[in-house]
Protein chains: 2
Amino acid sequence: MANLKQLAQSLGLSITTVSRALDGYADVSATTRERVREAADKVGYRPNASARRLRKQRAELVAVTLPSDPGHIGPPHFLDMLSGCAEHLAAAGLNLVIAPVPRGESELDICRRFVDGRRVDAMLLVRTKRKDERVEFLQSRGIPFVTNGRTESLAPHPYIDGDGFAGFRAATLRFHAAGHRRIGHIAGPQEYYFAHDRCRGWRAAMEECGLATDLCAEGAPLEQGGYLAALELLRQPSRPTALVCATDEMAIGALRALREVDGGNQISIVGHDDLPMGAFTSPPLSTMRMTGEHLGASFASLLLRAIAGETAEELQELHAIEFVDRDSHRRPLRAA
Amino acid sequence: MANLKQLAQSLGLSITTVSRALDGYADVSATTRERVREAADKVGYRPNASARRLRKQRAELVAVTLPSDPGHIGPPHFLDMLSGCAEHLAAAGLNLVIAPVPRGESELDICRRFVDGRRVDAMLLVRTKRKDERVEFLQSRGIPFVTNGRTESLAPHPYIDGDGFAGFRAATLRFHAAGHRRIGHIAGPQEYYFAHDRCRGWRAAMEECGLATDLCAEGAPLEQGGYLAALELLRQPSRPTALVCATDEMAIGALRALREVDGGNQISIVGHDDLPMGAFTSPPLSTMRMTGEHLGASFASLLLRAIAGETAEELQELHAIEFVDRDSHRRPLRAA
DNA sequence: AACATTCTCCAAAACGTTTTGGGAGTCAAG
DNA sequence: CTTGACTCCCAAAACGTTTTGGAGAATGTT
């Protein structure tokens with residue numbers, strides 16, 4: 001409530017001593033320290049953040065920009081991750097905030113505002129694009145950051161990502177092993193690294209199996225996008241018998257297309273992200289997800305190490321993808 | 001990039017003049033102003049946010065705490081709302097950030113940290129409880145805030161809310177008019193104002209129609225909670241023929257319970273929130289939503305007026321609820 | 001010529017904290 | 001008695017900005 005000067009005055013001490021007492025320095029006697037702490041507690045003293053930042057030349061703040069663009073980030077996991085991350089950053093004296101992007105501005109604008117106004121010590125980026133201007137900007141400013149998702153940037157940067165290529169290749173091969181030959185892919189916007197990566201995984205598997213890669217449709221990473229893309233694939237003269245979808249949301253949209261076209265029990269389908277919703281669709285949605293227990297902690301750790309100056313190459317984590325089998329991936333395969 | 005001092009030096013002007021030139025004061029000549037602006041642009045000067053805040057005694061920041069608790073806030077609308085709000089606040093020179101709650105801390109802790117550290121000028125609160133300690137705290141500190149959702153706080157405070165009571169009453173009466181007599185309610189945790197309000201609406205309608213109000217089950221405001229609550233109601237000797245659900249997520253969980261128990265086409269159901277996902281369930285979910293076009297703008301406006309010192313009573317908006325009819329609310333009604 | 005007015009500009013203070021570089025006082029050893 | 005070490009405290013500077021209260025020059029007015 002009060003400020004340091006008032007607190008000092010009321011105690012008959014100097015500002016310096018009060019400040020150092022609260023910070024636990026050894027050059028203030030134990031009795032004084034205790035006296036100061038009690039008084040501070042009593043009046044609920046909290047240092048003024050701006051003054052502290054100005055003096056320490058550190059914002060004690062980390063920001064993550066919230067993509068507002070087309071598809072929303074899988075909120076449940078995303079938010080869990082951020083809570084965990086915030087917890088570990090807090091232990092290092094850093095606060096985490098999410099910056100929504102005002103309509104009419106870009107994520108890059110936000111980065112600029114936060115970085116050039118020295119409002120943050122580091123940044124977190126999610127939903128990277130293959131060519132990501134935010135990454136380029138942060139690299140040009142030399143501010144520490146970690147991305148959730150890789151990019152095709154020439155200069156390496158710290159990231160955590162799932163191995164979408166391997167995951168989607170494995171999922172496709174599994175369909176092949178189950179006898180499927182017409183395996184379609186519902187792809188996300190290819191400018192996103194994750195969408196491109198997953199598409200490449202499907203394509204690689206199809207080519208390994210000597211299958212054509214024409215059963216691919218792209219859409220927005222939302223239910224509606226998946227719905228439209230699925231309708232497009234179902235319109236083909238030779239329909240797919242299985243669908244590998246870039247995201248769960250798209251898979252849920254596709255599920256509706258399947259229900260409309262063939263009653264929904266003919267075609268196998270798998271998504272990615274393990275949205276809680278997937279357990280409640282009809283049929284329950286089989287999916288994949290990134291392995292790794294405490295993702296938030298990993299992000300925090302990478303970020304702290306980036307701030308400490310470790311090089312980007314040491315700060316890259318690629319996690320394997322695991323299957324979450326429910327029902328949608330094993331619809332009975334009927335003769336063509 | 002640079003400093004005001006450095007910028008002034010490079011121009012042969014005083015710090016004062018440069019500062020005032022950039023702020024567009026009239027007491028610096030047009031030519032100097034232009035010269036300063038060009039130089040500032042060239043070196044990419046941005047004022048140091050901490051210094052500015054310290055001097056102006058305003059944080060130029062508004063924070064909203066992100067409930068991590070049990071149920072997640074309907075992300076699509078929530079995020080849209082925040083983008084719109086951020087846009088309008090930005091026009092007033094205010095930044096908006098979302099503060100996730102670190103594991104191990106409470107939303108109240110976050111409020112405390114932001115408010116007592118003078119990090120924010122105002123706050124936004126979502127998912128209010130009937131007795132909400134965040135509201136009490138902010139009131140005790142006298143800091144401007146607006147909530148999304150009412151509370152039972154004795155002192156009035158600014159809010160925007162949907163009229164859940166009227167909405168759920170209307171939905172229940174509609175089922176009654178369609179011939180339903182056993183209308184169940186799947187309720188959210190009653191400590192939340194919205195959940196209690198909606199439950200009261202259902203109860204009021206049932207009592208008006210002279211029907212018993214025992215077909216009510218409470219659960220977490222998530223798919224799983226709705227699923228379990230629905231199973232509970234379906235276990236009753238005399239099953240409901242229609243279900244009014246506190247949220248869409250709960251309704252989607254209930255939908256799965258219906259599918260498991262009776263194939264899913266016997267019981268009518270309606271949710272609330274108009275989640276995009278609802279258009280893709282089976283059957284497509286009928287739902288309700290708060291009316292009002294530019295919710296973000298409303299929030300921003302209320303917040304700015306609260307900061308300007310208008311009294312709480314003038315800053316309360318209660319919005320009507322409208323139906324979003326899809327299929328789930330008109331399952332054929334079969335004789336008991 | 002004397003005075004008021006307007007136009008530009010600036011030195012200095014202030015915001016609240018942390019940190020630097022000592023300054024008293026006490027005590028024990030030389 | 002002097003010296004050095006140690007303990008406890010503090011004055012002042014610094015962080016980078018905005019704002020206050022003029023100063024000096026040019027212009028207009030009597």
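Atom set for the values below is all heavy atoms of this structure, side chains included, hydrogens, waters and symmetry mates excluded. Just so it is clear: chains get the letters A, B, ... in the order the sequence lines come, proteins before strands, and each one is counted from 1.
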Measure the distance from [atom1] on [X] to [atom2] on [N] and round it to the nearest whole Å.
{"X": "Leu54(A)", "N": "dA14(D)", "atom1": "CG", "atom2": "C1'", "answer": "9 Å"}
{"X": "Arg119(A)", "N": "dT17(D)", "atom1": "CZ", "atom2": "P", "answer": "13 Å"}
{"X": "Asn48(B)", "N": "dT17(C)", "atom1": "CG", "atom2": "P", "answer": "17 Å"}
{"X": "Arg53(B)", "N": "dC15(C)", "atom1": "CZ", "atom2": "C1'", "answer": "14 Å"}
{"X": "Glu60(B)", "N": "dC15(C)", "atom1": "CD", "atom2": "C1'", "answer": "14 Å"}
{"X": "Lys5(B)", "N": "dC10(C)", "atom1": "NZ", "atom2": "P", "answer": "15 Å"}
{"X": "Lys56(B)", "N": "dT19(D)", "atom1": "NZ", "atom2": "C1'", "answer": "10 Å"}

Exercise for the section: Please assess Val101(B) against Leu66(B) for the test side-chain contact (heavy atoms from CB on, under 4.5 Å), listing each intermediate value before the final yes or no. Expected result: CA-CA 6 Å; Val101(B) 179; Leu66(B) 178 65; 5.6 Å; no
Completion exercise
Comparing Ile15(A) with Ala51(B), nearest DNA chain C nucleotide closer to 5' gives the residue Ala51(B)
Does the [N] base have a donor-acceptor partner in the side chain of [X] within less than 3.5 Å?
{"X": "Ser14(B)", "N": "dA11(C)", "result": "no"}
{"X": "Arg52(B)", "N": "dT17(D)", "result": "no"}
{"X": "Arg55(B)", "N": "dT17(D)", "result": "no"}

Exercise for the section: Remember a base hit wins even if backbone is also touched, and classify Leu13(A) as base, sugar-phosphate or nothing at under 4.0 Å, heavy atoms. Expected result: sugar-phosphate
Short side-chain N/O contact to [N] OP1/OP2 from [X], under 4.0 Å:
{"X": "Thr16(B)", "N": "dC9(C)", "answer": "no"}
{"X": "Asn3(B)", "N": "dT17(D)", "answer": "yes"}
{"X": "Gln57(A)", "N": "dT18(C)", "answer": "no"}
{"X": "Gln6(A)", "N": "dG16(C)", "answer": "no"}

Completion exercise
Residues passing the side chain to side chain contact (heavy atoms under 4.5 Å, CB included) test with His88(A), sequence neighbours excluded, are Ala297(A), Ala300(A)
Handout entry: Contact check, side chains of Val36(A) and Thr17(A), non-hydrogen atoms, under 4.5 Å
Key = no
Handout entry: Charged N-O contact under 4.0 Å between Arg127(B) and Glu107(B)
Key = no
Handout entry: Test applied, salt bridge (charged side-chain N to carboxylate O under 4.0 Å, His left out); reference residue, Glu60(B); option that passes from Arg118(B), Arg52(B), Arg53(B)
Key = Arg52(B)
Problem - Sub-4.0 Å heavy-atom contacts from residues 18-37 of chain B onto DNA chain D, ordered by number - result: Ser19(B), Arg20(B), Tyr25(B)
Handout entry: Ring-face cation of Arg150(A) near Tyr193(A) (centre distance under 6.0 Å, axis angle within 45°)
Key = no
Handout entry: Atom pair NE2 (His319(A)) and CD (Glu293(A)), whose distance is rounded to the nearest 0.5 Å
Key = 11.0 Å
